[in-house]
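What follows is a short report on a single structure.
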Amino acid sequence: SPLKFDIILSLFYSKEIEVSKEDVKRFNIVAGNAPSQGDLWECWKQLKRQMDLVYEEALEGKEAASEENMLELIDAWADVWYTNTYLGQLLEAFGVNTKAVIEEVCKNNNQKFTTSYTYASESKEALEDKGVQCYIEQTVYQGTTYYTVRRNGDGKVMKLRHHESPNLSKLVPKEFA
């Protein structure tokens, strides 16, 4: 049976994951992939290479999901986590406060749902006026009813009216701005 969402979330914040992050760091340093101490060109070269690895693993996961192959999917998930974890560690080494970035993005994503059906309906109408066909989905989480506006076809959660994009520019180190 499917795991509860709360259990899945707890896995991401467990001490085991913190230990694994240290393993990721150690592996990459031992493998000769320590954060670049060179100029910006070297930093970007390393970031691009790591992002290519994340992308490659994500494509393998997409293929595994398409084939409904759970073994390959969990392998790809772990590989995406591993390569993305090191991408985050590189960003931190280059001066990015990744915790602040994640908090800003989470705060932004929290603007994509509402407890007001009226607000969700107004947002749906505004999107449809722009040619985006969508629907409203209701979810109850911890006793509270929430509404999201989702795009037809793929179910993507859309931005509600008056949505403000996250201000990540304040988190870009001056060397990279």
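These figures come from a predicted structure and were not determined experimentally.
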Exercise. Would Thr85 and Gln89 count as a side chain to side chain contact (heavy atoms under 4.5 Å, CB included) if you check the C-alpha gap in whole Å, the side-chain angles of each, and the deciding distance to 0.1 Å?
Worked result: CA-CA 6 Å; Thr85 294; Gln89 291 172 341; 4.0 Å; yes

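- With a 4.5 Å cut-off on side-chain heavy atoms, Glu60 and Glu63 do not count as touching.
- Using a 4.5 Å cut-off between side-chain heavy atoms of Ile, Leu, Val, Met, Phe, Trp and Tyr, with links allowed through other members, Leu127 and Tyr119 fall into the same hydrophobic cluster.
- Side-chain atoms of Glu175 do not come within 3.5 Å of backbone N or O of Leu40 as any donor-acceptor pair.
- Between atom CE of residue Met158 and atom NZ of residue Lys112 there is a gap of 8.5 Å, rounded to the nearest 0.5 Å.
- A side chain to side chain contact (heavy atoms under 4.5 Å, CB included) with Met51 holds for exactly one of Leu53, Leu47, Val54; it is Val54.
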Problem set entry | Verdict with reasoning, Ser123 to His163, per side chain to side chain contact (heavy atoms under 4.5 Å, CB included) | CA-CA 10 Å; Ser123 298; His163 178 74; over 6 Å; no

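- In this structure the side chain of Asn33 reaches within 4.5 angstrom of the side chain of Arg49, judged on heavy atoms.
- Residues Leu90 and Trp44 are members of one and the same hydrophobic cluster, defined by side-chain heavy-atom contacts under 4.5 angstrom among Ile, Leu, Val, Met, Phe, Trp and Tyr.
- Between the side chain of Glu122 and the backbone N or O of Leu160, no donor-acceptor pair lies under 3.5 Å.
- Between the side chain of Asn28 and the backbone N or O of Val24, at least one donor-acceptor pair lies under 3.5 Å.
- Not one N or O on the side chain of Thr148 forms a donor-acceptor pair closer than 3.5 Å with the backbone of Arg150.
- In Tyr55, the OH atom is not crowded: 12 or fewer heavy atoms of neighbouring residues, nucleotides or ligands sit closer than 6.0 Å.
- Hydrophobic cluster membership is shared by Val96 and Val172, with clusters built from Ile, Leu, Val, Met, Phe, Trp and Tyr side chains linked at under 4.5 angstrom.
- By the 4.5 Å heavy-atom criterion applied to side chains, Thr145 and Tyr117 are not counted as neighbours.
- Summarising the geometry, atom CD belonging to Gln138 is positioned 11.5 Å from atom OG1 belonging to Thr115; distances are rounded to the nearest 0.5 Å.
- Ring geometry for Tyr146 against Phe113 counts as perpendicular: the plane angle is over 60°, on a 0 to 90° scale with 30° as the lower cut.
- The side-chain heavy atoms of Cys43 and Phe176, taken from C-beta on, include a pair separated by under 4.5 Å.
- More than 12 heavy-atom neighbours from other residues, nucleotides or ligands sit within 6.0 angstrom of CD on Glu67.
- Phe94 contributes atom CZ, which lies 9.5 Å from atom CD of Glu42 (distance to the nearest 0.5 angstrom).
- Screening Lys21, Lys25, Arg26 for a salt bridge (Lys or Arg N to Asp or Glu O under 4.0 Å) with Asp23, the sole residue that qualifies is Arg26.
- Leu171 contributes atom CG, which lies 11.0 Å from atom CD1 of Ile102 (distance to the nearest 0.5 angstrom).
- Ion pairing between Lys124 and Glu128 holds under the 4.0 Å rule for side-chain N and carboxylate O.
- Distance check, rounded to the nearest 0.5 Å: OG of Ser36 to CH2 of Trp41 gives 9.5 Å.
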Exercise. Could you go step by step and tell me if Asn110 and Lys107 meet the side chain to side chain donor-acceptor pair (under 3.5 Å) rule?
Worked result: CA-CA 5 Å; Asn110 286 339; Lys107 183 172 79 173; over 6 Å; no

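- At a threshold of 4.5 Å between side-chain heavy atoms, the hydrophobic network of Ile, Leu, Val, Met, Phe, Trp and Tyr places Leu91 and Tyr86 in one connected group.
- Taken from CG in Asn84 to OH in Tyr82, the straight-line distance is 13.5 Å, to the nearest 0.5 Å.
- Under a 3.5 Å cut-off, the side chain of Gln37 and the backbone N or O of Pro35 do form a donor-acceptor pair.
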